[in-house]
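Letters A, B, ... are given to chains in the order of the sequence lines, protein chains preceding strands, and every chain is numbered from 1. These numbers come from a predicted model, not from an experiment.
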Amino acid sequence: MRARALLCASTAALLLAAGGGCAPSFAEGDTVTEVRVLAVRSEPAEVAPGAEAQLSALVVTPGDGTGVTLDWSLCLAPRSGAQPNPSPDACSDPAVDPALLAQVAAGQGPGDSYSLAVPALADLDPATVSLPDASGGVYLTVRLVAHHASDPDLVALYRLRLQLGQDSLNTNPSFDGVPLLDGKPWAEGDIRMAEPGAKLDLEAHWTDGSVEDYTFTLPDQPTQSGTETLSFAWFNDGGEIDPTHTGGAGKFQTDWTLPADAMPGTTLNLWVVLRDNRGGSTWLSRQVQVASP
Amino acid sequence: VLERGTRIPNAGVEVSVSPALGSPGVAGQAGQPGSPGEPLASAVTDANGRFVLGALPAGKVVVRLHGSSIGRFESPEVLTAGRARQVTYYVDRRLAGAYETVVVARRPDREVSEQRIEQEELRRIPGAQGDTLKVVENLPGVARPSFGFGALIIWGASPDDSRVYIEGIRVPVLYHFFGLRSVIAQDVVDSLTLTPGAYGAEYGRAIGGIVDVTLRDPKRDGLHGYASIDPVDVGVLLEGPLGKHTSFLIAARRAWLDATFPYLVPISTLKFTLGPRYYDYQLILRHEFTPRDILTLLVFGSDDALAFLNSDVDPSQSSKFEVATKFVRAGLQYKHRFSADTELRITPSFGYEVPVGINADFGGSPVNVNVQSYTYNLRAELRSRILAGLKLRIGVDFEGTHASADVRAPQPPREGDPSGTGGVVTPGPNPSAYFTDKGGFDYALVGPYAELSISAFDGRLEVQPGIRIDNYNLSGYRGTPDYFSRSEVQIEPRLGVRVHVTKWLALKAGVGRFYQPPQPADLSRTFGRTDLEIPTAVHYVAGLEADVVVRGLRLFDVDVQGFYKDLRMLAVRSLGSGPPLDSEGVGRAYGGQLLLRHRFSGRLFAWVAYTLSRSERRDHPGENYRPFDYDQTHILTALGSYKITRKWQVGLRYRYVTGNPSTPVVRAYYDPNDDLYRPVYGLTNSARLPDFHALDLRVDRYFIWDRFLLDLYLDVQNVTSHANPEGAIYNFNYTKTGYVTGLPILPILGLRGQF
């Protein structure tokens, strides 16, 4: 049975991945060593066809983050067969067919936002809209290309959630105040000093209203309900963060260990992204300056 | 006269009684009973090992036993006047000597491509921990599944395309979770026959191969049984007579991995709430109404389950996973022998199975798969020798199934998917859409068949023409707008030919057309399509069988086969935005295989199996053929087992297999919704994992008492701890790659007590 094959493959992969077999260990993706897109945000987080969405991205490089330009577009490559999303193969191709792209905004800076006029439903080929995901949402694909002189181009494909029908509207989550460093509030613009190799205790929380209950309706199905899952992702450009994600199992703390060989006076960046599982996100950043030991 | 330890009766043993030296015994005339050098009485043991001697004089005597299986044995006895004496002799079976010739007759009416393994060989295969059915992995034409994936891949066919029968009753699986053990206990199996292609008209509905398992009759010479334990499971078996004409066998086994698994997978956040555990059971109840009428009740089943919670600080990595799969089959087998040449077999059977039940949540994305089915089957067959050299086999094979499914899940992986069996371990949840489906499916498959066995020219030519007419009645979604009902008749001719060129050499060839019903999951209106075609194949096989004979001793069997399979109407992912599947897939599998086997003959058995093959698929017209997920160019298995003494036995197995095809990642993009990089794959199966090597060892130490036998064994898999890649794994943004490897050295110490 094919279902049994799925089961066996799952359990085999579980065994292999969980320790039955042996796997090489790779560095986590928390340390930024080249141009990276860390998040994409739409305001509102869920947008009706024919309405406008304000898109922005957290795009970073090690150090000062300069020299990055962004190209934004809507990718209208049709999905095929069982593919859930408009063809990611075509949309992620650096040499994508321009005919598949719409509303290009080229050469923007990483701090800029981009206003996207979402096509009306009547103007959309249904095959360019995703099939419903686990939360009942359907999405358009927004293509973002980050150019940087010293790194290869990086493509990000953001799924912009469409509001269809009367289902609950998603909103972006928000931080509850400011993050904590060693138990004390860490305000924006407050550059903290820390010695090389120091372990910084970090903590962030979301507001009460960030975790939304929602309803959704799938074709031929009764209305269902769900509750959002939120998580924080932590990034830096020097050192190591462990764990790289928090918010699960009631745990919100993580540790940032600065590089032991960091030069005094160096400024290290910390980025924290809060996202929900329906396409909503928000972020903040902080800086630490390496002090003499 | 019984074998020491096992209490197996020794038939055909010559028993004689002579006066002991110095005994006053009766001195007769030379040449008379009781005279020096002459026994007082003699007898030969019957099938139950029993013998009876008449009246003997009182006094000291010597009982001498002599037989080809036991050598010579003597025991002093004291006979008392007027009293009967009952004695049980427990004697060691003799290890075969160089001067012994073991004659193994070839089974008549066998299939052209079949390989058959008998019970004694099944028990001694290294690397199988005594699991009899795992021997199938060592036969030529069978691909090596990935670690933990107990699939049966025969001559390049998908696991879904082959079938397993136990006493003619189909079972859905051969192995428990992870492929660690088969679903039938040790010692219940009498023989295993693998027919990888061009099989006869008796079976159908599989475009791959057939595994046919026969179970042995329960012992009738007394109560027997065993208990076994090793780090994987514990098992018991009990059998014996129930009255004069009835006998029974009952066996059960349960895994206790739920106790040992946390030590094997030491991850603090991973908490098993159930298992992993499995159990299986078998019941055989045999009643002989007359020597011509035998009724056998067969019940066997299997049940696997595991559940875990993974509470990760990263919510996207948190998961809950509950999975269960089980089946039970109950059948009545009635055999009536009209004459020495004509036999009727009728086997009605019923079954229930949960092929898969999953309740899971991966990072907030729930998956629910609840599928169950009821089966009701009838197999009836009449075999008769019509004339000298002409046999007829005629029968009907009916299978009815009612399956119901209630599913909410992403599209399941299929053959050819890079994240499927091909070996890429992709981190994180997939951005898959979720589909739901709920409905019932009914299959009613009626397959009358007939086969002739024609023997001509003093048996030098054997021809087996056969035909099977399978009527496929498929329906689903009754009472809904998506209701469908189809009925198709497929005619499946089969032919096997064998020419005995000499006493030691035979040429053979076979051809046949085969069909199989679409998988029920593929007829889903949301996961497949309801109008899928019925997949079909044509198999061509040709080869030779030879015996290597030295000084009249048959040292080796040689079996060489070439094969070609032409597969059509395979269900594949569709292009475009219509239903997820269509029937445009085609495939071909071709190659050759060699089996060089030294038959079991006391001390040694050994074989070398080598397969050179290519299996390819083409998903859509106009595309190029690509390697099948389990296309393994070279598969070499060499194994042997040697009885050093009665108490020590050692076995070795070496396997070399070409690495499985894999699909390379050509680039990746960032998915901001899930904070993951996602891969973009190159041509399907255009790369390969490194080759697989493994050396396995088994050592048995037997402790033998008259009525009890203890087997302490050490079964070591991957003795050299060779790191065998089972899949590719990548870093977070797919710029670095490495391999997930299978288990390093795995020693398993087990104990088995038998009486």
If you look at every heavy atom in Trp206(A) and Gly247(A), which pair is closest and at what distance?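 Scanning both residues completely, I find the closest heavy atoms to be CH2-O, 3.6 Å.
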
Side chains of Leu274(A) and Phe232(A), heavy atoms from C-beta outward: is any pair under 4.5 Å?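 Leu274(A) reaches Phe232(A) side chain to side chain.
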
Does the ring centre of Phe732(B) sit less than 6.0 Å away from the ring centre of Tyr677(B)? yes

Which atoms of Asn733(B) approach chain A - backbone, side chain, both or neither, heavy atom under 4.5 Å: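 Side chain of Asn733(B) only, per the 4.5 Å heavy-atom cut-off to chain A.
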
Tell me, for [X] versus chain B, whether the close heavy atoms (under 4.5 Å) come from the side chain, the backbone, both or neither.
X         : answer
Ala27(A)  : backbone
Leu38(A)  : backbone
Leu157(A) : both
Ser281(A) : neither
Glu28(A)  : backbone

Identify which of Asp89(A), Val40(A), Leu154(A) forms the greatest number of heavy-atom pairs closer than 4.5 Å to chain B.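 Between Asp89(A), Val40(A), Leu154(A), the count favours Asp89(A).
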
Looking only at heavy atoms and a cut-off of under 4.5 Å, which of Arg278(A), Arg36(A), Glu228(A) has the most pairs with chain B?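 Ranked by heavy-atom pairs under 4.5 Å with chain B, first place is Arg36(A).
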
Is it the case that the side chain of Asn277(A) and the backbone of Thr229(A) share a donor-acceptor pair, with hydrogens and angles ignored and the cut-off at 3.5 Å?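 Between the backbone of Thr229(A) and the side chain of Asn277(A) there is a qualifying donor-acceptor contact (under 3.5 Å).
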
Winner by heavy-atom pair count (cut-off under 4.5 Å) against chain A, out of Thr737(B), Asp582(B), Asn724(B):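 The answer is Thr737(B).
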
Arg41(A) and Thr282(A): side-chain donor and acceptor closer than 3.5 Å?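 The answer is yes; a qualifying pair exists.
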
Salt-bridge contact Asp522(B)-Arg414(B) (side-chain N to carboxylate O under 4.0 Å): yes

Greater than 12 external heavy atoms within 6.0 Å of Leu683(B)'s CG: no

